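Worth saying up front: this structure is predicted, and the values here are computed from it rather than measured. Each chain gets a letter, A, B and so on, in the order its sequence line appears, and its residues count up from 1.
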Amino acid sequence: MPLLRDTWLVFLRQLRPTLHNPVTGLGFSLLQPVLYLALFAPLLSGMPGAMGRNSLDWFVPGVLAMLALFGTSFAGFGLLPELRSGAHERLLAAPVSRVALLLGRVMRDIAILLVQSTAILLLVIPFGLRVSPLGAAAGLLVLLVMGVGLGTLSYMLAMSVKQEFVFPAILQTTTMPLILLSGILLPMELAPTWLYTLSRINPLSHVVDAERALFAGDFGDPSVLLGSGVALAVAVVALALGTRLMRRLAA
Amino acid sequence: MDRPVIDAADLRVRYRGAESDAVAGMTFTVASGEVFGFLGPSGAGKSTVQRVLTRLLRGYGGSASVFGRPLHAWGAEYYERIGVGFELPAAFGKLTAAENLAAVARLYRRPALPVGELLDLVDLGAVADRRVDGFSKGMRMRLNLARALIHRPDLLFLDEPTGGQDPVHAAALREVIRDQARRGATVFLTTHDMATADRLCDRVAFVVGGRIAAVDSPRAFKLRYGRPGVRVEYRIGGRLDSAELPLDRLAADSRLADLLARGAVETVHTREASLDDVFATVTRSRL
């Protein structure tokens with residue numbers, strides 16, 4: 001199928017710079033979650049409830065969700081120089097599927113997210129993280145699905161705003177409340193009612209809840225279905241919009 | 001007569017929010033194997049026409065056919081047949097020159113030219129394994145041209161192909177482009193560089209204000225806008241002087257023969273207009 005072939009080609013093209021310089025491509029973006037784990041997680045150990053009993057078990061799934069959020073929602077930043085330089089437009093004048101130009105990029109971001117998430121898990125397990133292997137695999141899958149949606153939205157945003165000084169401002173403004181209302185850093189059950197209600201509107205909070213249940217191996221928890229459904233819905237809606245946008249771009 | 005490769009009739013483009021047409025009714029044809037130049041001041045509509053013809057801009061009026069088929073009837077296979085080199089050098093900076101070409105070559109189903117051969121052709125063979133973000137503008141532009149040629153296209157769209165080049169590289173690139181026409185490819189180029197247009201194009205169109213002001217061969221333009229004759233520079237008694245001698249009276253005019261006999265002539269130039277002169281005259285009169 002031309003779409004699959006083209007997506008694979010674009011994926012390889014996008015991945016090559018990361019393979020050239022894996023430290024920059026993978027390492028630096030790992031720094032933020034590692035710092036959270038090293039400098040913030042210990043603060044939770046004295047807290048009441050589940051997060052205090054074993055702070056890593058509670059905190060790591062959320063950190064991985066944060067990694068997925070930042071890793072994929074800022075992905076469009078890499079497209080901006082190509083939009084400015086004309087490299088992207090030049091690809092539009094090549095016999096390659098427009099949709100593949102988007103999907104290949106998103107797949108690259110997802111591959112990187114998978115490697116980074118696995119690295120974090122392997123790094124933290126010796127420090128006392130207890131996970132259900134099957135649950136962790138399912139949890140990563142949910143994050144990857146959400147990442148597909150967020151990455152697609154990020155590229156769409158980049159193609160819409162095109163300007164390098166506007167793009168990060170919009171993302172900062174969007175991701176900050178998403179993080180604060182997600183329950184990644186502290187449980188939203190501690191929040192006043194109005195804040196808790198807001199957090200329930202935040203799709204990310206449901207994904208975080210699902211991650212915590214999955215990593216604990218609690219597949220029967222209702223949050224698993226809800227969080228997985230939210231991640232899938234974000235991906236489906238984003239892909240539908242992204243496909244439409246790419247087809248309208250040219251040819 | 002063979003069917004033209006490009007056939008545009010009353011082509012019109014108006015950008016959203018603009019008060020006037022960027023392209024205001026252009027009609028032209030480009031024959032197979034022809035090098036056709038679009039010349040004109042910035043904002044004249046040259047690049048817009050190129051964007052229409054490369055199917056990157058679909059909102060246009062009038063009609064445009066390429067290879068005998070209306071543009072809107074073409075699909076992705078159109079890009080198998082055309083090569084595009086835009087004014088902005090559009091390479092992937094984090095890849096090497098060779099990787100850039102290899103990545104592009106994989107997008108085409110047509111057999112690609114060998115990457116090394118192509119890089120040698122544009123004098124980048126020695127830096128094939130260097131990352132492109134360290135390249136000068138001239139090097140990027142040469143890579144841009146190589147990229148456009150990689151699948152041996154039947155029709156080339158080139159925007160300022162000699163931009164950022166020193167005279168030696170500019171001449172070499174002109175020769176590369178000429179070779180494309182020799183093998184049968186058609187070339188549609190837009191440029192401000194009159195030397196490139198003069199030496200490369202079979203015909204040029206001067207574009208002003210979204211319209212084509214005039215189309216002809218560079219030679220015909222130069223003759224039409226020049227004054228037939230020669231200009232002689234001579235030195236007598238240590239003083240440099242010059243004279244213009246009309247061509248139609250040159251045989252009867254003994255001045256040149258006298259000056260030559262005295263050994264006073266230093267230079268003799270014909271007085272046809274340069275393409276720069278034609279550009280200035282045509283565009284100024286139509287602005």
Side-chain angles (χ1 to χ4, degrees), chain A residues 1-26 28 75 77-105 108 112 159-160 162 164 245-251, chain B residues 47 50-59 71-96 98-110 129 131-133 135 137 140-141 143-144 147-148 150-151 153 155-157 159-160:
Chain A
M1 258 181 87
L3 178 64
L4 289 179
R5 171 191 170 272
D6 289 351
T7 301
W8 176 246
L9 290 176
V10 175
F11 168 78
L12 291 179
R13 209 289 292 167
Q14 291 299 123
L15 194 62
R16 191 170 284 273
T18 309
L19 297 178
H20 269 314
N21 200 342
V23 174
T24 309
L26 295 168
F28 278 123
F77 213 56
L79 180 61
L80 292 171
E82 292 185 22
L83 289 170
R84 180 170 32 80
S85 72
H88 187 255
E89 188 177 59
R90 177 63 188 81
L91 279 176
L92 294 177
V96 59
S97 155
R98 306 295 178 270
V99 179
L101 292 178
L102 176 66
L103 292 183
R105 287 176 175 278
R108 188 277 312 261
I112 289 176
M159 280 185 259
S160 301
K162 293 189 176 72
E164 277 152 322
L245 173 71
M246 293 307 289
R247 287 195 171 136
R248 282 173 57 193
L249 276 181
Chain B
S47 297
Q50 204 165 62
R51 284 172 57 77
V52 168
L53 295 174
T54 51
R55 301 194 73 224
L56 291 174
L57 203 156
R58 290 183 297 170
L71 275 177
H72 60 77
W74 281 101
E77 74 278 12
Y78 182 59
Y79 297 114
E80 292 283 352
R81 298 193 63 183
I82 69 166
V84 178
F86 293 130
E87 185 178 4
L88 289 170
F92 302 112
K94 290 180 180 173
L95 303 186
T96 67
E99 286 172 342
N100 259 281
L101 291 188
V104 172
R106 279 193 282 270
L107 300 177
Y108 294 91
R109 282 162 181 78
R110 282 186 161 195
D129 297 321
R131 268 173 58 155
V132 171
D133 51 13
F135 279 17
K137 188 197 172 192
R140 284 169 183 255
M141 287 304 290
L143 183 63
N144 217 30
R147 212 181 133 131
I150 196 155
H151 57 299
L155 170 60
L156 268 166
F157 291 98
D159 197 350
E160 300 292 356

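Nearest heavy-atom pair, A/Ala94 versus B/Tyr79, reported as atom, atom and distance to 0.1 Å: C-CB, 3.5 Å.
Between B/Leu95 atom CG and A/Arg16 atom CZ the span is 7.0 Å, to the nearest 0.5 Å. Distance check: A/Arg5 CZ to B/Leu107 CG gives 7.0 Å after rounding to the nearest 0.5 Å. Here OG1 of B/Thr54 is found 9.5 Å from CZ of A/Arg90. Values are rounded to the nearest 0.5 Å.
Residues meeting the salt bridge (Lys or Arg N to Asp or Glu O under 4.0 Å) test with A/Arg105, sequence neighbours left out: A/Glu82. For B/Phe92, there are no ring pair (Phe, Tyr, Trp, His ring centres under 6.0 Å) partners, not counting sequence neighbours.
Between chain A and the options B/His72, B/Glu77, B/Lys94, the largest number of non-hydrogen pairs under 4.5 Å is found for B/Lys94. Each of A/Pro81, A/Pro17, A/Pro95 has some count of heavy-atom pairs under 4.5 Å with chain B, and the biggest count is that of A/Pro95.
If you measure heavy-atom distances from B/Glu99 to chain A, the contacts under 4.5 Å come from the side chain alone. B/Arg147 touches chain A through backbone and side chain together, each having a heavy atom under 4.5 Å away.
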